[in-house]
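Quick notes on the structure that follows.
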Protein chains: 2
Amino acid sequence: MHPEIEKRYLAFAQSKKLRQTSQRDAIVEEVFRTDEHFNAEELMDRMKKTGIHPSRATVYRTLSLLTEANLLKEIDLGDELTTYDPNFLDRPSHNHLVCVDCSKVIEFEDDHLETLNECLSKRLGFQAVSQTLRIEACCDKLRLQGRCENLIAARLSGKKLKKRR
Amino acid sequence: MHPEIEKRYLAFAQSKKLRQTSQRDAIVEEVFRTDEHFNAEELMDRMKKTGIHPSRATVYRTLSLLTEANLLKEIDLGDELTTYDPNFLDRPSHNHLVCVDCSKVIEFEDDHLETLNECLSKRLGFQAVSQTLRIEACCDKLRLQGRCENLIAARLSGKKLKKRR
DNA sequence: GTTATTGCAAATGATTTGCACAAGG
DNA sequence: CCTTGTGCAAATCATTTGCAATAAC
């Protein structure tokens, strides 16, 4: 876990007078163990492997806390459930490209976007607070070469692919 | 109703061999009577005023059809329910700015955004299919003048404001 | 001890679906 | 007729919540 995350979490916990519990500690630990996106169900599965089995309610409650602490961000990847993104501390203004074929998610940053956002908001008479850009696209590989390892991997792992809207 | 919409709807209905029913006709009519965004519940309310009272199921089924026909687009305005936008025929690539104070939604178009999208996708090795940009912002009026008629109107109408994430 | 936290099961709320009946072509 | 569409009520599914038991501090 990134030391900055830990520091901020501790500060948050202190300010909210949160008690230290094994369940919550384990969840926070697991959430920030990698930089992967996840949903609540996937986190439940990951928790099982750690040996600590917090209830679904506790998982959801902890995710809310981390979101409130601005350590986690709820994002919408175009499916019906909430995805959590633990990478906004490192890259505060990144956005997401989702492959319509394999559901692979790619994070990207672009300075133009920030500028654009500022201009736009100003033009419309607003102060920008946050922006969310989601690009749906299909990968050149699949289109040009007829195969894409992400798609193959997704199918093998039984990952449920996004239904096309 | 925009004649182009009607034309496309008829073509779609024909291609799918849809039967003509009073309920569906009335829903389609009402959906495209104005250019306002709406959610399923609001549409139900609007339908009541037309004298035709289709069931919730029929409303949802018709919304799905119109979405499939590309006459309506499901958008995410940051709350928990699906919003439908009937304005994508006129302005195929517009996006949305949502006021964090009054939940007012402003549609905007920007050529830079299209260009940016192309460049980005290309840079990442993808072919852009669609983009969704949502900007959350607070209006200058409320900030500078301490009041904003949208907020007042929203409160008066009992409109439920977005919960801040 | 006092108060926060947990786990369970039940509640919620938007959307979907199975099915019997009604209506379009 | 034959098949599609409708309405109802029940089902879904992610997420939230009430409450009694448990654990922090």
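Each chain gets a letter, A, B and so on, in the order its sequence line appears, and its residues count up from 1. Computed from a prediction, not measured in an experiment: that's the story for all the values here.
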### Query
Does the side chain of B/Thr82 get closer than 4.0 angstrom to OP1 or OP2 of C/dA14 through an N or O atom?
no
Nearest whole Å is fine: how far is [N] [atom2] from [X] [atom1]?
X: B/Asp76; N: D/dA14; atom1: CG; atom2: P; result: 17 Å
X: A/Leu77; N: D/dA14; atom1: CG; atom2: C1'; result: 16 Å
X: B/Lys17; N: D/dG5; atom1: NZ; atom2: P; result: 12 Å
X: A/Phe38; N: D/dA14; atom1: CZ; atom2: P; result: 16 Å
X: B/Met47; N: D/dT6; atom1: CE; atom2: C1'; result: 14 Å
X: B/Met44; N: C/dT15; atom1: CE; atom2: C1'; result: 12 Å
X: B/Asp79; N: C/dA14; atom1: CG; atom2: C1'; result: 11 Å
X: A/Asn39; N: D/dT15; atom1: CG; atom2: P; result: 7 Å

### Query
B/His37 and B/Glu107: side-chain donor and acceptor closer than 3.5 Å?
yes
### Query
Looking only at side chains, do A/Ser64 and A/Thr67 share a donor and an acceptor under 3.5 Å apart?
no
### Message
With the threshold set at under 4.0 Å for non-hydrogen atoms, list the residues of residues 55-66 of chain B touching DNA chain D in residue-number order.
### Response
B/Ser55, B/Ala57, B/Thr58, B/Arg61
### Query
Can we say B/Arg123 and A/Asp110 salt-bridge, meaning some charged N sits less than 4.0 Å from an Asp/Glu carboxylate O?
yes
### Query
Using 4.0 Å as the upper bound for N to carboxylate O, is an ion pair formed by A/Glu118 and A/Lys122?
no
Taking atom [atom1] as the centre, does [X] end up with more than 12 heavy-atom neighbours from other residues, nucleotides or ligands that are less than 6.0 angstrom away?
X: B/Asp111; atom1: CG; value: no
X: A/His112; atom1: NE2; value: no
X: A/Glu36; atom1: CD; value: no

### Message
Let me confirm one number: the CG-CG distance from B/Leu133 to B/Asn95, rounded to the nearest 0.5 Å.
### Response
5.0 Å
### Query
Is the distance between the ring centroids of B/Phe88 and B/His94 less than 6.0 Å?
yes
Pairwise N/O distances under 3.5 Å, protein to nucleotides 23-25 of chain C:
unit_1: C/dG24; atom_1: N2; unit_2: B/Arg19; atom_2: NH1; d: 3.2
unit_1: C/dG24; atom_1: N2; unit_2: B/Arg19; atom_2: NH2; d: 2.8
unit_1: C/dG24; atom_1: N3; unit_2: B/Arg19; atom_2: NH1; d: 3.1
unit_1: C/dG25; atom_1: OP1; unit_2: B/Gln20; atom_2: N; d: 3.2

